[in-house]
Amino acid sequence: MTTATQAEYTVRELVDRTAGIPASDGAGVELTRIIGSPELNVLDPFLLLDSFESDQPQDYIGGFPDHPHRGFETVTYLLAGRMRHKDNAGHEGVIEPNGVQWMTAGRGIVHSEMPEQENGLLMGFQLWVNLPATHKMTEPGYQEYPEEQLPVEQRSNGTRIRVIAGQTDAGTVGPVENPHVRPIYMDVTLPAGESFAQALPGDDNAFVYVISGELLVGEAGEMLPARTLGILGSGERTIFRATGDDVRFLLVSGKPLNEPVARGGPFVMNTQQEVLQAFEDFRHNRF
Ligand code: MN
């Protein structure tokens, strides 16, 4: 029976949460592995989410020397510090605070990601976005946007939304394009007591990651503390509220690929045979 109070859409509620696990990668970089851990192996199409945050040089100074990737995209979003990247095709640059590098590894690159600093705070995220079988061997490419090229929507209630990918309900569009999973990647700062709603495609997998403050999720208003990822259930809309303090969080979603995932360290393919081929190609300098 339909009633007058029935909602026209479903609000996504918090269905699970994880704070990730401490991990070390590259040449001894201390980080927190949030997706790609035993607790949350994958959130299709997202294969991995690492958070790094330290003002202790020994935690990051080793960086990520030359290493390969194949079969997916890496998204580096920096909040503090500077990272220099350099690949085997001669592509080089520096990622600075509030800038993003959305790299399509495709059939393969070998690159290094090194801190461009010897002290001070280094803070940011790396997200791995899977590519569909049809595009795993595509040409490598980059979508790079420094802070000044990423639109920030400023609302009258003080809410600020930096849009890397996707479109806000008010129409602000992020520059990153990916037709395979049509991602949404937003960095939202919500003042105390205010709320933020955003439409999401109903079939997307979606998560929030709270950078600072406490976030109330969904109509149920379940509280998600800082440094925690929350998985959002199904629905067409999200609603968030800030409690007593300002809250900063990432809102990320993407269309699931629903394909087999075969992992081999820096290679993510559909079959184990393709992973072995990637190791073979890397060994013979075919990247
Ligand atoms: Mn890398």
Using modelled atom types only, decide if a donor and an acceptor are shared between the side chain of [X] and the backbone of [Y] within a distance under 3.5 Å.
X      : Y      : value
Asn270 : Pro260 : yes
Ser54  : Gln56  : yes
Thr18  : Glu39  : no
Gln117 : Arg82  : yes
Arg12  : Thr238 : no
Glu236 : Thr10  : yes

To the nearest 0.5 Å, what is the distance between [atom1] ([X]) and [atom2] ([Y])?
X      : Y      : atom1 : atom2 : answer
Arg248 : Thr189 : CZ    : OG1   : 5.0 Å
Ile164 : Gln149 : CD1   : CD    : 13.0 Å
Ile109 : Asp66  : CD1   : CG    : 9.5 Å
Thr32  : Phe125 : OG1   : CZ    : 9.5 Å
Asp44  : Asp204 : CG    : CG    : 10.5 Å
Ile239 : Gln198 : CD1   : CD    : 11.5 Å

With sequence neighbours left out, the residues meeting ring pair (Phe, Tyr, Trp, His ring centres under 6.0 Å) with Phe279 are Phe267
I need the minimum non-hydrogen distance between [X] and [Y], along with the two atoms involved.
X      : Y      : answer
Tyr60  : Pro115 : O-CG, 3.2 Å
Ala23  : Arg33  : CB-CB, 4.2 Å
Ser24  : Glu30  : OG-OE2, 3.9 Å
Gly71  : Asn130 : O-OD1, 3.5 Å
Gly81  : Leu122 : CA-CD1, 4.0 Å
Val129 : Leu47  : C-CD1, 4.5 Å

Starting from [Y], can I reach [X] by hopping between I/L/V/M/F/W/Y residues whose side chains sit under 4.5 Å apart?
X      : Y      : answer
Val181 : Val75  : yes
Val176 : Val188 : no
Leu79  : Leu150 : yes
Val268 : Leu257 : no
Met103 : Leu31  : no

Side chains of [X] and [Y] in contact at under 4.5 Å (non-hydrogen atoms):
X      : Y      : answer
Trp128 : Thr74  : yes
Gln277 : Met269 : no
Gln143 : Glu177 : yes
His67  : His111 : yes
His180 : Lys255 : no
Leu78  : Phe52  : yes
Thr168 : Arg155 : yes
Leu49  : Leu229 : yes

Where do Asp281 and Arg107 land on the salt bridge (Lys or Arg N to Asp or Glu O under 4.0 Å) test, with the steps shown first?
CA-CA 10 Å; Asp281 289 347; Arg107 64 175 168 73; over 6 Å; no
From the options His85, Gln126, Gln101, Arg84, select the one residue that forms a side chain to side chain donor-acceptor pair (under 3.5 Å) with Glu113.
Gln126
Students often mix this up, so state it plainly: with edges at 30° and 60°, are the rings of Phe196 and Phe240 parallel, tilted or perpendicular?
parallel
Kindly check if the number of other-residue, nucleotide or ligand heavy atoms within 6.0 Å of [atom1] ([X]) is above 12?
X      : atom1 : answer
Arg263 : CZ    : yes
Gln58  : CD    : yes
Arg17  : CZ    : yes

The test is side chain to side chain contact (heavy atoms under 4.5 Å, CB included); show your working for Thr172 and Ile161 and say whether it passes.
CA-CA 9 Å; Thr172 305; Ile161 309 150; over 6 Å; no
Side chain to side chain contact (heavy atoms under 4.5 Å, CB included) between Tyr77 and Asn98: does it pass, once the steps are laid out?
CA-CA 7 Å; Tyr77 180 45; Asn98 301 315; 4.0 Å; yes
Could you list the residues that satisfy side chain to side chain donor-acceptor pair (under 3.5 Å) with Tyr209, not counting sequence neighbours?
none
Start with the C-alpha distance between Tyr142 and Asp87, add both sets of side-chain angles, then the distance that settles side chain to side chain contact (heavy atoms under 4.5 Å, CB included), and finish with yes or no.
CA-CA 11 Å; Tyr142 292 87; Asp87 77 10; 2.6 Å; yes
So Thr159 and Glu194, side-chain hydrogen bond (donor to acceptor under 3.5 Å, both in side chains) or not? Walk me through it.
CA-CA 8 Å; Thr159 302; Glu194 298 295 339; 5.8 Å; no
Assess the residue pair Lys136 and Glu274 against the criterion (salt bridge (Lys or Arg N to Asp or Glu O under 4.0 Å)); give the C-alpha distance rounded to whole Å, side-chain angles, the decisive distance to 0.1 Å, and a yes or no.
CA-CA 10 Å; Lys136 282 187 174 291; Glu274 291 167 344; over 6 Å; no
Side chain to side chain contact (heavy atoms under 4.5 Å, CB included) partner of Phe207, chosen from Leu232, Leu40, Ile35, Leu251
Ile35
